[in-house]
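Below is one structure; the comments refer to it alone.
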Amino acid sequence: MSTTPPRLDMNLDLHDLGVAGLAARLAAGDVSSVEATQHFLARIERHGALGAFLSVNPEVSLAQARAADARLAAGERTPLLGVPLAHKDVFVTRDFPTTAGSKMLENYRSPFDATVVSRLGVSAGGAGMVTLGKLNCDEFAMGSGNENSAYQPVLNPWDTSRVPGGSSGGSAAAVAARLVPAATGTDTGGSIRQPASLTGITGIKPTYGRCSRYGMVAFASSLDQAGPMARSALDCALLLSAMAGPDPDRDSTSLELPATDYATDLIAASAPSASAKPLKGLRIGLPTQFFGAGCAPDVLAAVRGALSEFEKLGATLVDVSLPLTELSIPVYYVIAPAEASSNLSRFDGVRYGHRAAQYTDLADMYKKSRSEGFGDEATRRIMIGTYVLSHGYYDAYYLKAQKIRRLIAQDFQTAFAQCDVIAGPVSPTVAWKIGEKSDDPVASYLADIYTLSSSLAGLPGMSIPAGFGAGGMPVGLQLIGNYFKEAQLLGAAHQFQLATDWHQKAPGISA
Ligand code: GLN
């Protein structure tokens, strides 16, 4: 008699399982990592028109899947083993090109993997996830709509005439369209939370320093932070547990806190609980500045609906104030370009990336290589950054912005004296039409109003699907925690997701 377990019907929609669901099928031997990888690669090809991927390499992915299958066959049962994912194209990878969405790095190949990539991957010591490819993003992660990619804009799978948000727009669109169970993203001023909100998925930006920045193409180093994007808080918790942790030899700003298992508590909390009010005692602070006239009524309605669900789960809502919220826009758009202008000075046509074909002397080579390699938004930020750092303007702009940054961080601590987590919208509107804001960079800067302040403070924040607004487009609820409180955020989000099904809704794209 055969002892081979019955195979799953391969018509089963593997892409609907999510990370935890797929991991369970892999561990049970119902499906192999190679089969799952083939399934997702076929889907990525079928939905290429979304523009979510910048590169795939089936040969590499399948070799990784075979390595994961060998570990499964040898009896290893780690939570992510054999589950596919894809990386935002700002994480350097040995086996795929890394472009950061820029012509400057077209065809660039890194000799090493970013720490986050190796922690998640199949190489020794990694969690055993299979990389399906690299995801489109705004050039050097600068943008809010993914229209600044030098390659192509990403389309929102809920309505392909709209943006998916940015800068991790490829990551968000790929997860929302079920092309991948999960993806990595980076968040400097909202780039995990805002695209997650605009595409109806879950994403968390951890406390600054929680994940190593080693091998992340630098945008604004005092703000850049990696995090997972997936369909649920549980799936994000599984990924974050593998991604986070100190990296003292490679990133001196990585926190010296031990790696944390964020998922086990969530799984334990999923058991039918005696308490009908699992969030009893949780005080949720609502900053008045996040609920004003600047936020569209459809977004506010969805956010308020989600908050009343939190009340049903036992949480209490309290009013708090973050008085400097409006200043977070000018402060961020001074500090981030300042750091960007410094970080991007390495792209000089000598050491990395694009070099002009013709030039007269060294200065001309720098000038032509940089003019040809950088797109409009990167160029704009380099110019702003250089200006605010220059002699005579440094005190007036950069130093002033740093001082207000400190005050913004203090305001959060005042608010956290009254509450445990802060909640509000992620974006003042649902996803906008492609092209709608492209002639006016300030219009897209203003749309970052609810995500910038927590980034400036270095706080963890997440976006969870909270309903739908105008045009049937997804709306996210933002939860901001105090430093190192990722577990609390994920726990609250998980309880919300056990009680609601917004995170399970899928856009109606063809199979
Ligand atoms: N939208 C913001 C910007 O354009 C944030 C980008 C990010 O978080 N990478 O800078």
Trace of the side chain to side chain contact (heavy atoms under 4.5 Å, CB included) decision for Phe140 with Arg381: CA-CA 11 Å; Phe140 292 106; Arg381 302 221 186 173; over 6 Å; no
Applying side chain to side chain donor-acceptor pair (under 3.5 Å), run through Thr99 and Lys134 and close with a yes or a no. CA-CA 9 Å; Thr99 67; Lys134 302 295 287 294; over 6 Å; no
Is the closest side-chain heavy-atom distance between [X] and [Y] below 4.5 Å?
| X | Y | answer |
| --- | --- | --- |
| Phe219 | Asp138 | no |
| Thr98 | Asp89 | yes |
| Pro460 | Thr207 | yes |
| Ile192 | Ile204 | no |
| Tyr450 | Gln289 | no |
| Thr131 | Val60 | no |
| Ser191 | Ser168 | yes |
| Leu120 | Phe91 | no |

Only one of Asp448, Val334, Ile449, Val442 clears side chain to side chain contact (heavy atoms under 4.5 Å, CB included) with Ile329; which? Ile449
Can you confirm whether [X] is buried at [atom1], in the sense that more than 12 heavy atoms of other residues, nucleotides or ligands lie under 6.0 Å from that atom?
| X | atom1 | result |
| --- | --- | --- |
| Glu326 | CD | no |
| Lys400 | NZ | no |
| Phe112 | CZ | yes |
| Arg406 | CZ | no |
| Tyr397 | OH | no |
| Lys437 | NZ | yes |

Just by distance, no angles: are the side chains of Asp224 and Thr186 close enough, under 3.5 Å, to form a donor-acceptor pair? no
Thr253 and Asp251: side chain donor to acceptor below 3.5 Å: yes
Can you tell me how far apart [atom1] ([X]) and [atom2] ([Y]) are? Round to the nearest 0.5 Å.
| X | Y | atom1 | atom2 | answer |
| --- | --- | --- | --- | --- |
| Phe484 | Glu486 | CZ | CD | 8.5 Å |
| Asn136 | Lys88 | CG | NZ | 10.5 Å |
| Ser455 | Asp187 | OG | CG | 5.0 Å |
| Ser321 | Asp411 | OG | CG | 7.5 Å |
| Ile422 | Leu459 | CD1 | CG | 7.5 Å |
| Leu240 | Lys205 | CG | NZ | 11.5 Å |

If we ignore hydrogens and angles and just use 3.5 Å, is the side chain of [X] paired with the main-chain N or O of [Y] as donor and acceptor?
| X | Y | result |
| --- | --- | --- |
| Thr451 | Gly189 | yes |
| Arg370 | Leu344 | yes |
| Asp348 | Arg351 | yes |

Please name the pair of heavy atoms, one in [X] and one in [Y], separated by the smallest distance, quoted to 0.1 Å.
| X | Y | result |
| --- | --- | --- |
| Ala68 | Gly128 | CB-O, 4.0 Å |
| Cys236 | Leu490 | CB-CD2, 4.3 Å |
| Val303 | Gly476 | CG2-O, 4.0 Å |
| Gly101 | Tyr151 | C-CE1, 3.7 Å |
| Ala340 | Met142 | CB-CE, 3.6 Å |
| Gly82 | Ser33 | O-OG, 2.8 Å |

Quick check, are the ring centers of Phe53 and Phe96 under 6.0 angstrom apart? no
Does the gap between the ring centers of Tyr445 and Tyr332 come in under 6.0 Å?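 No.
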Go through it in stages, so that I can follow the logic: the residues are Thr202 and Gln497, the test is side chain to side chain contact (heavy atoms under 4.5 Å, CB included), and I'd like the CA-CA distance, side-chain angles, deciding distance and then a yes or no. CA-CA 10 Å; Thr202 303; Gln497 293 184 336; 3.1 Å; yes
Run the numbers on Ser222 and Glu339 for side chain to side chain donor-acceptor pair (under 3.5 Å), then give the verdict. CA-CA 8 Å; Ser222 76; Glu339 294 185 20; 2.6 Å; yes
Below 30° counts as parallel, above 60° as perpendicular, anything between as tilted: where do the rings of Phe347 and Phe374 land? perpendicular
What verdict does the side chain to side chain donor-acceptor pair (under 3.5 Å) test give for Arg193 and Ser454, after you've listed the backbone C-alpha separation in whole Å, the side-chain angles of each residue and the deciding distance to 0.1 Å? CA-CA 11 Å; Arg193 292 161 285 161; Ser454 51; 2.9 Å; yes
Mind running side chain to side chain contact (heavy atoms under 4.5 Å, CB included) on Glu372 and Arg355 for me, showing each step along the way? CA-CA 8 Å; Glu372 293 168 9; Arg355 180 185 296 179; over 6 Å; no
Any chance you could lay out the side chain to side chain contact (heavy atoms under 4.5 Å, CB included) test for Phe310 and Leu477, step after step, and finish with the verdict? CA-CA 11 Å; Phe310 273 98; Leu477 173 79; 3.5 Å; yes
